[in-house]
Amino acid sequence: MQRFATRIRTAIASATGIDAAELRLERPRDASLGDFAFPCFVLAKQLKAAPPAIAADLADKLNAELGSDPSDRIEAIATGPYLNFKVDGARLAEAVLFGATTAGADYGRTDEGGGKNIVIDMSSPNIAKPMHVGHLRSTILGAALYRMHELLGYRPVSINHIGDWGSQFGKLVAAIDRWGGEYDIQADPIPALLALYVRFHDEAEAEPALEEEARAAFRELESGVDGQVRATWRQLTELSLAEFNKTYERLGVEFDLVRGEAWYEDKLQSTLERIEATGVTEESDGARIVDLTSIRKKMAPCLLKKTDGTTLYATRDMAALFSRWDEFAFERCLYVVGSDQKLHFEQLKGVLKRMQLDWEPRVEHVAFGMMRLPGGKLSTRAGKVVFLSDVLDRAVEEAAAVIADKNPDLAASDHGAEIAEQVGVGAIVFNDLKRERIKDVVFQWDEVLSFEGETGPYVQYSHARLCSILRKAEASGEAPGQSGAAPDWSAVDDARGLILTLGRYPDTIRTAAADAEPSHLTQYLLGLCREVNSWYANSRVLGEAPGTTAARLALVDAARVVVRNGLAMLGVAAPTEM
RNA sequence: GCGCCCAUAGCUCAGCCGGAUAGAGCACCGGAUUUCUAAUCCGGCGGUCCCAGGUUCAAGUCCUGGUGGGCGCGCCA
């Protein structure tokens, strides 16, 4: 695939004198026009001629060169101001289809990352609070970016920056001291802790002494004393992590490092000194700040130390950032965090800029839009949340019902439950990665539980159908290894667009990773499946002339590989039947 | 008040860092199954690409100014 584009580019380059690297080939609006397109407008000024004339002229010149090898011919066709190129169909099919199937799970793998580190800060739930639908986005966006970078030869490092520090732990400890006995924290920790947290806020309004107890508890925690408070904190952390892990397992997500804010506790002092040493800090209203108005007019300063000398969120994040740079010398450090924290990351980067650290551009805030309910914002304290586990459970239930309806034999078999899990969870994950990450989303049950149209199950179903054809080919003795027939590539002439799409998979991964935008991949998969389904609705694969069947099976197999790989990148299972 | 982000079909969204006639899904209407799984496919309906200027051979895409919505704005995280 790449080969054809390169040949075209070098040919244009030698005919026009333009650097081949600067030439960008497009996709013709209408696939019947050709496989690649080059608009000639850009040459008009230089050659002092009208674009259509240039196109016609270039077509003649290029055909002489690109057509020289009759067995690997590329045809140049001038269409108005455009120069379109049509690759030899058999060559294209062979190169793309065999390329994908022989590479298999490694299709699209490159070493362009050179083993460079990509730090991905993702998920980051808060201890003692439930994971809700809002946490899903960070987790699966981060996981998808992880897999894509890995495929491109980078060495990703995922870090779960658990929210395990801060004044809210004082509140929790105080609440447990008071009413802990009334709740069964061990049995079902998260709801119990949530209830305690909510109760603290309710009762603290009437009883201010509670706030003081909370502050005292947090002071003890911060002091480093290994007493009762710390023991409680440690226990809370362990219980919560065990709960989170259940969800991570269902989502197929793992972390290289689980480092909460507390992990950076002993690095705060050195971090402050490091920043102070560059002379960018100053005193303001008794607090220690870094002024950022030189970065952007009226930008709020970064607060590093409160009046009372204690540290803040930004201080701890700066400590984390330096720690990560020192440890990994990352090529990119991706913060997969909601767009509501945009300013916070601009401030962190602003401090790096003022310190004149040249690696500042490598720190990127991969912001995503807010999840809201039809009634308004999510709020843990107000109880306006949709628990992630409930969403997954309901989706799996729904999937089981659909399978029982559409495929009763499968539902009754050993793996019926397993496939329901894969389809249900897949629907949720795919749905969340479907749109551009920056867009806000309103959580709607009927939308996330939809299995038709542009959904995860649609893609999974397409994959299952392809697998089914391959299974049947095996049974009838028509599979490639069995029949031994040479593919007659003219039998897939009607699938040109589809073949080109398959060839574009590696590039899709590349741009999705570069833009930190997995939706490029979900959209690609939806388009690919639409093309595949449409194609085989009209083209019979099995039982045709051996050469025809061989060629079409090659297409089916390549499509199967690409869909399966793409889903794997997203963390969505690809069942072979459903 | 200030800053950042978003705005494309009734609804939810694509639109390949400026190119050819703006595309899907849902919903609605109609059609396809003795055929490799109908979670599918085919057709129809549906557009002042928020508004006004500007840049350009070319603007949904870039710039400026508005409008509407979201988010944020010094001792919370």
Side-chain angles (χ1 to χ4, degrees), chain A residues 24 26-30 33 37 39-42 44-45 50-51 79-82 84 124 126 163 165-168 261 284-289 296-308 310-314 316-317 338-344 346 367 369-370 372 377 399 402-403 405-407 410 423 427 434-436 438-442 444 446-447 450-455 457-462 464-473 476 504 507-508 511 515 519-520 522-524 526-527 529-530 533-543 552 556 577-578:
Chain A
R24 233 190 71 237
E26 301 177 358
R27 180 179 190 172
R29 173 153 300 284
D30 185 345
L33 291 170
C40 297
F41 305 97
V42 279
K45 214 168 269 177
T79 312
Y82 291 88
N84 294 318
S124 311
N126 291 320
W165 208 247
S167 44
Q168 77 268 25
E261 291 181 70
S284 172
D285 296 334
R288 207 67 192 155
I289 68 160
R296 196 179 67 219
K297 259 188 296 182
K298 296 182 185 170
M299 185 162 161
C302 180
L303 263 76
L304 294 174
K305 230 153 101 178
K306 298 192 229 174
T307 313
D308 67 5
T310 57
T311 62
L312 292 112
Y313 179 46
R316 294 191 278 276
D317 245 7
S339 63
D340 54 343
Q341 296 202 41
K342 186 125 194 290
L343 178 60
H344 168 70
E346 281 172 350
M370 300 287 96
R372 277 176 297 139
K377 270 188 89 164
V402 174
I403 294 169
D405 178 44
K406 312 242 181 211
N407 198 340
L410 181 63
V423 172
K434 194 165 75 180
R435 55 205 124 217
E436 218 184 352
I438 198 64
K439 299 240 163 86
D440 289 350
V441 301
V442 176
Q444 309 263 35
D446 59 347
E447 189 201 312
S450 162
F451 295 169
E452 286 171 22
E454 298 178 326
T455 66
Y458 170 81
V459 178
Q460 290 175 316
Y461 176 76
S462 306
R465 291 286 302 269
L466 296 171
C467 289
S468 173
I469 293 174
L470 292 165
R471 265 197 308 274
K472 295 231 152 87
S476 67
R504 263 182 215 110
D507 216 48
T508 303
T511 50
D515 297 347
S519 69
H520 289 334
T522 48
Q523 293 295 338
Y524 167 87
L526 288 170
C529 288
R530 203 181 309 130
N533 293 341
S534 179
W535 170 74
Y536 75 56
N538 298 310
S539 299
R540 177 96 201 155
V541 176
L542 303 178
R552 291 184 177 165
V556 167
E577 55 181 327
M578 63 186 270

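Nothing here was measured: the structure is a model prediction, and the numbers come from that model. Chain naming here is simple, since letters A, B, ... match the order of the sequence lines and numbering starts at 1 in each.
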Specify the residue among A:Asp515 and A:Asn84 whose closest nucleotide of RNA chain B lies further upstream toward the 5′ end. A:Asp515

Short question: side chain of A:Ser539, backbone of A:Tyr536 - any donor-acceptor pair under 3.5 Å? no

Rounded P spacing from B:C13 to B:C50 in Å: 14 Å

Is the phosphate of B:G70 approached by A:Arg372 (side-chain N or O, under 4.0 Å from OP1 or OP2)? no

When all nucleic acid strands are considered with a 4.0 Å heavy-atom cut-off, which category describes A:Asp285: base, sugar-phosphate, or nothing? base

Regarding A:Leu33, tell me which of base, sugar-phosphate or nothing describes its non-hydrogen contacts under 4.0 Å with the strands shown. base

Identify whether any heavy atom of A:Ala473 sits under 4.0 Å from a base atom; if not, whether one sits that close to sugar-phosphate; answer base, sugar-phosphate or nothing. nothing

Quick one: label A:Glu346 by what it contacts on the DNA or RNA (base, sugar-phosphate, nothing), any heavy atom closer than 4.0 Å. nothing

For B:G46, decide between syn and anti, treating a glycosidic angle within 90° of 0 as syn. anti

Give one of base, sugar-phosphate or nothing for A:Arg504, where a contact means two heavy atoms less than 4.0 Å apart. nothing

By the 4.0 Å heavy-atom rule, please label A:Ala37 as base, sugar-phosphate, or nothing. base

Determine the contact category for A:Arg288: base if any of its heavy atoms lies under 4.0 Å from a base atom, sugar-phosphate if only primed atoms, P, OP1 or OP2 are that close, otherwise nothing. nothing

5' precedence on RNA chain B between A:Leu542 and A:Phe41 (nearest-nucleotide basis): A:Phe41

